[in-house]
Structures are given as C-alpha cells and as structure tokens.
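As the structure is a computational prediction, the values presented were derived from the model and not from experiment. Naming: A, B, ... by sequence-line order, numbering from 1 per chain.
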Amino acid sequence: MLRASLTFATILLCANLPLRAADLLPADQSMASVIDHYVDALIKTNDVQTAPQIDEYILVRRLTLDLAGRIPTTDELHAFVSADPATRRAELADRLLASPDFIDHHRNTLQLLLEYPDRRNDNDFRKYLLWAAEQNRPWNQMFRDMLAGDENDEHQKAALQFVKHRAKSLDDLTNDTAILFFGVNVSCAKCHDHPLVEDWKQDHYYGMQSFFSRTFLTKKQGLGEKFYGEVKFTTTAGVEKQAKFMFLNGSVVDDGTPELTDESRKKYDALVKKLEQDDKAEATYPDFSPRQRLVETASHKDNNEFLARNIVNRIWHRLIGRGIVDPPDQLHSENSPSHPGLLDWLARDTVEHGYDLKRLIRGIVLSNTYSRSSEWDSAAQPPSPHYFAVAIPRPLSPRQYAMSLLVATRNPPHWEQWLTKSAEDWKKERGGLEGAANGWANQFEIPGDNFQVAVDEALFFSNNDRIDNDLLRDSGDRLVGHLKAIEDPAEAVTAAFEAVNSRQPTADERKAIIEYLASRTEDRPAAMKQVVWALLTGPELRFNH
Amino acid sequence: MSWSDPTKLKRVKDFGISGIAFCVAREPGSGKLFFGNSDFKVYEVDALAEKPAPAAFEAEGHQSYVTGVVRSQKQLVSGSYDGNLIWWDSESKKPTRTIKGHERWIRRVTVSPDGNIVASVADDMVGKLWDAQSGETMHTLKDHKEETPEHFPSMLYAVAFSSDGKWLATADKVGHIVVWEVASGKKAAELESPGMYTWDPRARRHSIGGIRSVAFSHDSKLLAAGGIGQIGNIDHLGGPSRVEIFDWQKGESLHTIEDNELKGLVEQIEFDPAGNWLLAAGGDHGGFVSFYSVETGKLIKQDKAPMHVHQLAMNDDSTGFFAVGHGKIAHYEFKSDSPPGPAEPPLPEDAA
Amino acid sequence: MGQPGSIFCGSADHGLSRRGFLGAASAATAGTFAADMTRLDGLKNPLLAGEVKRQQKSVILLWLAGGASQFETWDPKPGRPTGGPYAKIKTNVNDVHISELLPKLAQRMNHTAIIRSLNTKIGDHGGGASLMETGRVSDPGLIYPDIGAIAARELGRRDSQVPDYVSMYTSTEGRRKGTSGFLGARYAPMFLSDKQIPDNMHRLDAISNDDHKDRAALRDLLSKRFTQSRLSEKINSHTTAYSRVHGLMSSEKLFDIEQEPESVRAKYGPRQFAQQCLIARRLVEAGTPFVKVARAWWDSHGQNFETHRELCADLDHAMSTLLDDLEERGLLENTLVVTLGEFGRTPGINASLGRDHFANAWSCSLSGCGVRGGSVYGKTDPDGNTVADGEVGAAQVFATMLEALGIDHEKEYMIGARPIPLADFGAKPIKEVLA
C-alpha cells in the first residue's frame, strides 16, 4: 500500500501537553514505589487519614480476583498465608500473571470495556482478545488491530469486529473510539462546541468523524474504505465547514485523497456500491486510508498522550475502582487528574515499555496504594475517594462472581492438587470453569459507575432451583457435601469460611453458626446448606473489598 | 370467434387512477367500467378508450371506501364501509335509494346472474340478500361468529352467487365458509379453510389473512375460496397466495393451491365457463393474476400485475378482463383463434 | 481484624430456640437499613418533604409497541386521501372526535387529554422507542433511565415491599425490557415476558418456610459487620436487595388475577392485554409506582385497517375497563395512564393497505392523575402530513408526564460533574393538558 506523506500541524492545546519528562520521578524507579510516592504525597499535603494495609487473607483474595478473575481456592489461601511474607506478594502476582487464569480474566475485562455498553459477546472478537491476552500484545498494536487491522491476518481480522460492529453508525464509531481509546467523550461537540469543556470544538468532533466517514461494510462483511468523501458540518453560527482530518489535540493529517475527475468519482462510486451489494466483488482499497492515518497519528510520539493516558487510567480504574481521571471518559482540561504526575509517569513508562499492560498491572498491584483496607471504622468522615486513602469496594463482574461461586461451592479437596498440576492441565480445567461460568454470568448486572445490586439477583439466589440443585447440592463433589461429613462443627465452619470468604471465621461468627447448627441437629445437611447459602449471598463474596 | 387460452395471457394496457379502486362492474358488450374508490366515490370509465378518463358520480354518496359495485339493469348498487347500500341511476349518476344495509363496514357486494338479487356482506358478520328492484331485505344470513377464537372482532369478507343463481357462498376471516340456499335463506353447507387465517400468538399477537374471495364453478359443483396462506411476519402480506377448491356438496377439499412465486391475498376468483381453468387475482405490495388448472390445481400461467388487484370484471366471452386496484386499472387478454386442446398445464421447470 | 463484642445485638440469651435466633437476627439488621435509606448513589437530592405526597402517585404506561396509527386512534381524518375507511365519532366531550375504532374510550374522554402534535423525527423502532422511553436522544457513554425508572426513583420507597417498576412485554417482536440506566439496578424493571408471574418469587418446595427465613436472618447477621464497616452505596444496594426479598415474595399474589372476584375479571375479559391491565391495577393499588404494559405489535406495514380493527378493539376495551376500575376505586386521580408508542404511521396508504413508520406528526394520550381531561393539544394539517400547531417532541411529553405526577421536571441528577435534568435540557411541560 502506498503511503502519502504525512505532516503534522501540531496545535498544542493547553490541557494536553505531551508527556512531560522533566519534573517526573526517574523512569527507572520501581513502579510501585512511584505510585506510593505520588499518592502518599497528596495524602500528606492534605493531612488525610488513611485506612490500614489489608491482612494476608484479604490480600490473596484481592490479588487473585484481580489477576485470576476468581477467589482463591482454600489451598491457595493456605499456601499464601504460610509463605514468606517478604516475598509472597510479588511471587503470587507473578505466578498469577503467568497463569492461564490471567489470560482469561484479562480477556474478559477487556471485552467488558471494549464492547461497552451492550453485551454483544461476539465470538470472533472474544477469540481475538484471548489471543492478544496470551501474547500480552502491546496496547498500541491492539489499537491498530482493532481500528485498522489487516483483513488477511486471522487475528487482526477478528479484531476489526470492533469497527464492523459499529460500521453502520458513524456516530458510534466516532464516539466509541474517542471514549474507549482516548478517554474523551466528544459527543456533545457534535451539535455545538462542548458547553463544559473548552477543549472540544465541533472541529474536533467532525475531525474525528472524518477519519471514519469513508469506512463501510461490504456485502461479504469485510471492511471497505471509500476513495474519496468529505465530512461537512454546520456550525452553530450557521456556517458550513468542511472537516479536516483532525486529531483530538488539533494535529491535522494531510488529505492524501487524489484529485478525481467526475468520471473517476463515478467509477469509484460504482465500485463501492458493488462491494456493498455483491458478495463476490473483489475488495479494492484506496491508497489513502483515513482510518490508517488516525492510528498512525494517535500512536505517534507527538500525539500519543491520549492513547497512553487513557489505557493507564483505565487499568488503574479497573484495579483501584476509580480513575486518576474520573470518570475515565472525561480526560480533558476541565477535569484534572487527581495525581497528574502519577498519570504522566505511568503513561511515560507504558510508552517506553512498549505498551506492556502486564507490566502496568503488576506495578499497580504491588503498590501499598493497592493494598489499603476498604474498612473505615473511624467516626471521622472518610476521605474523598480521589485520595485513594481507603480502598473502594468493587462489585465483582458477572464472570468474576460466577467463577467465584463455582470455585467456592466445589468440594475444597477437589482443588488440592491443582498447585502441582501442569500448566496445560490447569489451562484445561480453567477453560471448563469459564464455560460453566457462562450460564451463571448472565444472571448478574455488569457493574458500571452507578452499579447497584438488583433485587432480581437477590430473588434469584433466594428462590431459583439452580442454587439449590447446583451450588448447594450436598453430593460429595460439592462444598455442602464436604461440610456435612465433617463432624466437628467448628472445623466445618472454618472450612466453609475459607472456601467462600477466603478467611477464617471470627470467634463470634464461629459461635453464632455453631449455635445455629445446634438448633438444627435433626437435619445436618439442610442446616449446612443454609449456612453455605448465607455465606454465598453475603456482600463479602459479592465484592472485591 | 375466439377461444380462451390462458397461456396467451398478456397485458393489453394499464392506466393510472387516483386512489385505490376496490370493486368494479362492467357494462356488457363494452369496456365501460364502474368502479368504487377509496375517495368514497363511484366512477365510470371507458377502459377501451385511447385515453381513459374516469368520471366520478359527483352526487352525495358514500361516506367511506366504496367496496362493492354491481349492475342491475340500468341501475348500479354500491356498498361501502359506511354501512350503506346506494342504488344509482347509471345514466344520471344520481342516487335513487340509500339503505343502511349493515351495522358495520360492508366488505363486498355481489349480484345474482339474473340481476334480481343483490347480496352484501359486512363486519356485523351477517350476509344480506336484497330485492334489486324494491330494495327490500329478502334474507338475513347469520352463521359467521362475531369473534375469532382469540376473542378479537372477526370480519366477513367474501360473497358470491352460483351461476344458476340457486346458491350463495359467504366466507369470513377465520376461514369459515357457508353455502346458502338463495330461495329459502337456509344454510345448505359449511366448509372450513383454516389455512387462510394466521393468528400469531407469540411475536405480534394479532392476526392477518382471511378468505377474501369465493366463486362457484359454472356447473355450480365446485366452490373455490381465495386468500393467503400462513404468514411468518404478519406485519406484511408475505405469505403464499392461496386458493382452496372444494366439492362443496360432498364437503371435500379437492386442491389447495399455495403459490409462493407471487405472494399476497387472492382478492378475486373467476372460473372458466368451460371448466378448464380458474383465475385468481390479488397481491401484496405488488399484484398478480394467475391461472390454474381446475383439474390438477397446477399453475398454467401468471403475470406480475402492475398493481395490487382488488377486483376484476371478465369480458363477454371470458377471453379477457379488466382488473382494478391500487392506483391502476389494467386490461388483460388471453385469447386464441383456435379452440384449445385438452387442458394440460406445462410441467413446472424444476419437475421437467 | 474483627471487632470484639456480641454480634447478637443485645441478646444475652444463648440458649436460643430457632425462633429466638431468627428474632434476634432480624432486630440486628433493622438499624442498618435506616441508615442506608438516607443516601443514594452519588445522586444529589436526598429525600424531600414532598415525597410523602408523591409516593401515592402511580403511572400505568400502555406501550403501543410497533407504532399505532394516529389516524385510527386519536387524530382521525375521514374523507381525506390519507384518512382510511374509518369514521370519526363524537366523544363525551364537546367538539372532540376520535376514531370510531375507540367507541368505549370516546365515552371516557372526560378523563383523557390528547396530544396531536408530536414530531419526534426518529422513525426506526429501536431509536424511536429509546427516544420516547427516555425523553431524549441517547448519548454515548451515558445510559439514560427511562420514565419507569425515574418514576420508581421519584415516587417509590427505597425499601418498598412491592415492586416499584414492573414491565410487561409478552409478545416477542420489538421486545424491550426497559432500563434504569445511570439510576442503577435498584430501579431496574421487574420484567415479565413469557410468564405473567415474575421469576423467582416463589419459595421452592425443597426448602421449608422456616429454613428460608432462618437462612436470610443468618445471612443478615453474618453480613452486618462487613457492611457496617464499609461506606459504599454499592454494598448498601446489595443489602437493600436482599432486604426486599420477603416483601416481594409476598407480593407474588398481586400478579395473580385469580385473586380478583369473578365480576371484576369478567369486566376485563379473556384477552391478555386487558388481563395485564388488571394486574397493573392490582399493583398500583398495592403501591407500585410504575407499571408498563406493552401491547405489541402495531407495525401494520400491510393491512393497517384490519390490524387496527383488532388492536384498537383491544386497546379500547382494556383501557376503558382500566379507567373505570381505577375511578371506582378512587385511584384514577392519583394514577396517570399513558398511551404511547415509538411513533405513529404514515399518512400514505401503501399497496398492501398498510401504513409505514412515521414520526413527524402523531399522537399520544394522557389520562387521570394531573391531567386536564377532555383537552386536546396541538393540531396536524388536514391530511396529517405535518404538525400545523403546537409542535412538541419527546422531551415535552416527558416533562408533561413528570409534571402531571408532581415531579419537578427540572430537577437534576448529578452524574459525576454532569447535571442531568429529569426531562431533557430546556423541555417545558405542556401546561394546556395539565389540570
């Protein structure tokens, strides 16, 4: 493919300076310590009280949920608490990051992000994301795959589902790309310059749109791009303007569309029409591809602050429960990051390390900021969440919850040998778990910013026969079956707590349950079911806390 | 001398009209047509003129769609959704009598072969026989249920006399057909063609279809009913055009013709006087005229009509017809100079 | 970790009977909710004083899915080329005429206001439905709550023991559940599709009533320490959801019309839509603030007149019976009954005698609570091609519904830094149809 020469007329907007190097902490400092430095500095400056660090039980649970997408098994729990406190955290993080669990979970969370807001659950796209998670494919390359991948490459073709799903709506393509890859929501600027945000003008909206305006879906469900075509819009003052190929920071891409005679326009129109209507038509592509140019421009070192900051902020949001810029689609000058230095440092680090998401995730989960408690026992008002001084309880995603229910309700010894299993065997087992989770995951809401648990969920757990027949079955392969065989009630209570809540019961909890069991001796299995039900439906399992 | 030969079917001409023509009557020996329209008016037009120019009966007439028009000597009788039957002097084009014929919308009007009895059917679910001269009610025919099995209002669409004038058939939305003895007004037979009625219990929860046309063979032995077969998406008329032929006295169904080539409602059926073919016309967004063999039920010939056909009037020797419908009137001929051989439809291509 | 102290909340009696155990646990949870109810997710606006009054109000939305024809309902044009075959009839309000397909409603026009001047522009089912349900054009990155969720939020009680947003949509075509959008799942509809009784409302035979209650009490007991030490609305919503289970289970019978006397059931008759209206009336009577009964599918591209003959008969009977029933029970003055769909239908009549999608000049109606009965707002041109007078969009209808219920349509929810008014920016209620 020929490439037209590219120049950037870079207009720097005040809020989105390129990544600054000068006043940031050194690039070679450990990421965890950099995070804690910036977060603690703001806490200190404002004299904010912080929650304590979590104990080893909550830590292994939090890490496992975030890196493996499920709660730890009883065995993993035991292994972690008895391991060397000096090294166990990093070791666990590294083990999980290298496990098949991470690949599945990373795929699942990326899918939730990128298919937002609806549950399309496109199989090809899921496969692509799994492949990308397996490769730890750099984010900038994923960005390219999804927006301007090569149809002849099996994986990139699947990645292009991102565009294909939205190809029928130019607004969806424009907005979703801006929101998901650049962290900016420019939709208001469609009709008028953004009322709240100085940065976003109609020029930006239509500038973004012009990169997509030639994209179309062929009859063969391939992606085509037209040979010419401009985006025109009317300003609020009533003036008609032709949009430039303009990126969000004002960089303008030279229009490489060749001069066309009316005759050749007609020829190209006919060609496009044929591609749209005839599934035997052979695809032809223009030399000048606006979508390709968008990818090049947004990834270019002079312009990559949007791409880099957005993914850093999204990953931070995923692991901490709130963005450094929050909400994460409002990355602009009127909505400053809580920790600008941190955001820039992480963005710089991410660019310099080839958009390595695993590295970023690892760095965050090893920080003390990550491992603060979500409990706030003080009578004082809790600090504003933007300090990251208290952990934010995060509802489990539908899949995390489904997987955790399945892990918790298996007979705990079932998982015993798994630590010694070969990676291949575990991958298979994990695959089975993913499959089993499908039917359950559909029962639960996808958590968004204003997430609430629906009463449907409580009714489902209270009265649906799948709970009774599956999760609470008292056969030997289930937790209830395991517990009913344990004679000592105290021991049974501990086993139940470890399996479901990933910790040991407190003395009071143990006592309360033993009392309950004592009141229900005539039917021990039934009593055990009720205990397990009470734990499964508790908020402690429902949230990553 | 010419003979009818459906294989020679050709559209001689068609011309535009404003609105929708629902019904037509022809003056024998001419191309003069009277048709009832969606603009509530009755029109006269010479369809054989070089430039046919429909002329409306301008006098105060109906207050809704005109769905039936028949000739009885010098008079015309029309029926409408307004429930009225109006007698017109066809020359002065003025009404001579207006009768509140039905409580609800009149769907069709027909006349006995001798021109003495007018029959009408309406959504009050009764058929009525009228003395064409006096306008007196001769019989009120009640057998069609007011509600469908799903408790929605039913509709009574179709009516036809036998050629000997002894029998009258009426047919409704759910596929119930009744044959009445004209002299006594008594029920002589009943038949069912439930395939004409689609009730969608799941996706859209309403119905579509119904028997829209009935006709007796010239020997009065056969009775054909026309409509549409089962429809998947009842938002549209996307079902097979459907004709069922009965030996009505025996209560036997002889053929069910479902044509997926040209879909839609069969709005009218005409039998060959010689008994070989049957003509079915109607449509969906488009239209059709189709000839089938009475003996085998196989397709002889069909044409994609230029409009949805609501009704047609045969010419004097049944070698042509004038079809009226959505925005158009079309003139067809199907004649040959020599008598046809034994009726043998060509094999469908895929069976050959 | 773990706080010392009895989790039995004052119960020193450790020789607990099972009933005693249950009683103590219930007492332990009561305090938690009182605290939870005072705060709602990041949305400004705590409970207001006017709340009590508003809480008695309800909405029944008769959703005419697929798009009913204004010509065959509220805005007949007999005698015009676009008018179709049906006549207009007088109503019990002077000078107000509606289609002859709605004879029963014609005799009840004193309760109903008609809006004949909707121009909503969006003519596809999904886009039109979304627009009319939420009163605004959708916005990427933000999912707006529909009228049902807003009514549930503004008119309901947070700990309500009855469902506060019930959505019935039995037909499969165009089926939409409704959405609470950024208001969150607390206000999501209880959705009924194939069945008339919601899922999971009934205790399984496999578990005894005692066990069912005991395990819930045990759950509350074990959750208490966790929820009390964390300030999270998300966690609180989990607590609230479980606290509503037993109340909702006891509301199961609201969905069972067999509970009604035969005489009442006979009035509603055998058809499903009317029976769903009866369920709606039972729910509203019990305190449910919003019930949507979708009647699908009006999408009469072919055979418009036959389709409307059936569906208008259904609407006419169901809505008339509902209005009568509400009035007899003294509920009509507090219940707003709305007929609305995603759009109307074209003036032009196609060759299949159908009408196609049309959003440029169509009608809806409001009856009962807060409505000036017998009023007609707006006008279309003689053929119904355009709005001739009083053009309104979805936002004004939305503002009007809110105003009829006594809800301030300009009230704002704060979503992050964004203020989102209940009705779209600048929308004004149609005062002419309000009492």
Check whether C/Phe226 forms a cation-pi arrangement with C/Arg230 (NZ or CZ under 6.0 Å from the six-membered ring centre, at most 45° off the ring normal). yes
Tell me whether A/Gln452 contacts the main-chain N or O of C/Arg186 through its side chain, where contact means a donor paired with an acceptor under 3.5 Å. yes
Report, one line per pair, each donor and acceptor closer than 3.5 Å where one atom sits in a side chain of residues 524-534 of chain A; sequence neighbours left out.
| from | atom 1 | to | atom 2 | distance (Å) |
| --- | --- | --- | --- | --- |
| A/Arg524 | NH2 | A/Ile486 | O | 3.2 |
| A/Gln530 | NE2 | A/Ala526 | O | 3.1 |
| A/Trp533 | NE1 | A/Phe461 | O | 2.8 |

Lys/Arg N to Asp/Glu carboxylate O, A/Arg503 vs A/Glu509, below 4.0 Å: yes
A/Asn313 side chain to A/Ile324 main-chain N or O, any donor-acceptor pair under 3.5 Å? yes
Heavy-atom pairs under 4.5 Å with chain A are the metric here; pick the option from C/Gly184, C/Ser180, C/Ala206, C/Pro163 that has the most. C/Gly184
In chain order, what residues pass the side chain to side chain donor-acceptor pair (under 3.5 Å) check against C/Tyr169, with sequence neighbours excluded? none
For chain A, the option from C/Arg219, C/His212, C/Arg244 that forms the most heavy-atom pairs under 4.5 Å: C/Arg219
Could you list the residues that satisfy side-chain contact (heavy atoms from CB on, under 4.5 Å) with C/Ala216, not counting sequence neighbours? C/His246
What residue among A/Ile54, A/Asp55, A/Leu59 forms side-chain contact (heavy atoms from CB on, under 4.5 Å) with A/Tyr57? A/Asp55
Most heavy-atom pairs under 4.5 angstrom with chain C, which of A/Leu536, A/Asn463, A/Asp465, A/Ile392? A/Asn463
Side-chain donor/acceptor of A/His317 to backbone N/O of A/Asp326, under 3.5 Å: no
Does anything in residues 191-202 of chain C get under 4.5 Å of chain A by heavy atoms, and if so which residues? C/Asn200, C/Met201, C/His202
Given heavy-atom pairs under 4.5 angstrom as the criterion, report whether the side chain, backbone, both or neither of A/Phe460 touches chain C. both
Chain C contact via A/Pro395 - which portion, at a heavy-atom distance below 4.5 Å: side chain
Do C/Asp146 and C/Tyr187 get their side chains close enough for a donor-acceptor pair, meaning under 3.5 Å? no
Whatever's closer than 4.5 Å to a heavy atom in chain A on C/Ile235 counts as both
Which atoms of A/Asp468 approach chain C - backbone, side chain, both or neither, heavy atom under 4.5 Å: side chain
I'd like to verify something: which residue of A/His545, A/Arg394, A/Glu457, A/Arg542 has the highest number of heavy-atom pairs under 4.5 Å with chain C? A/His545
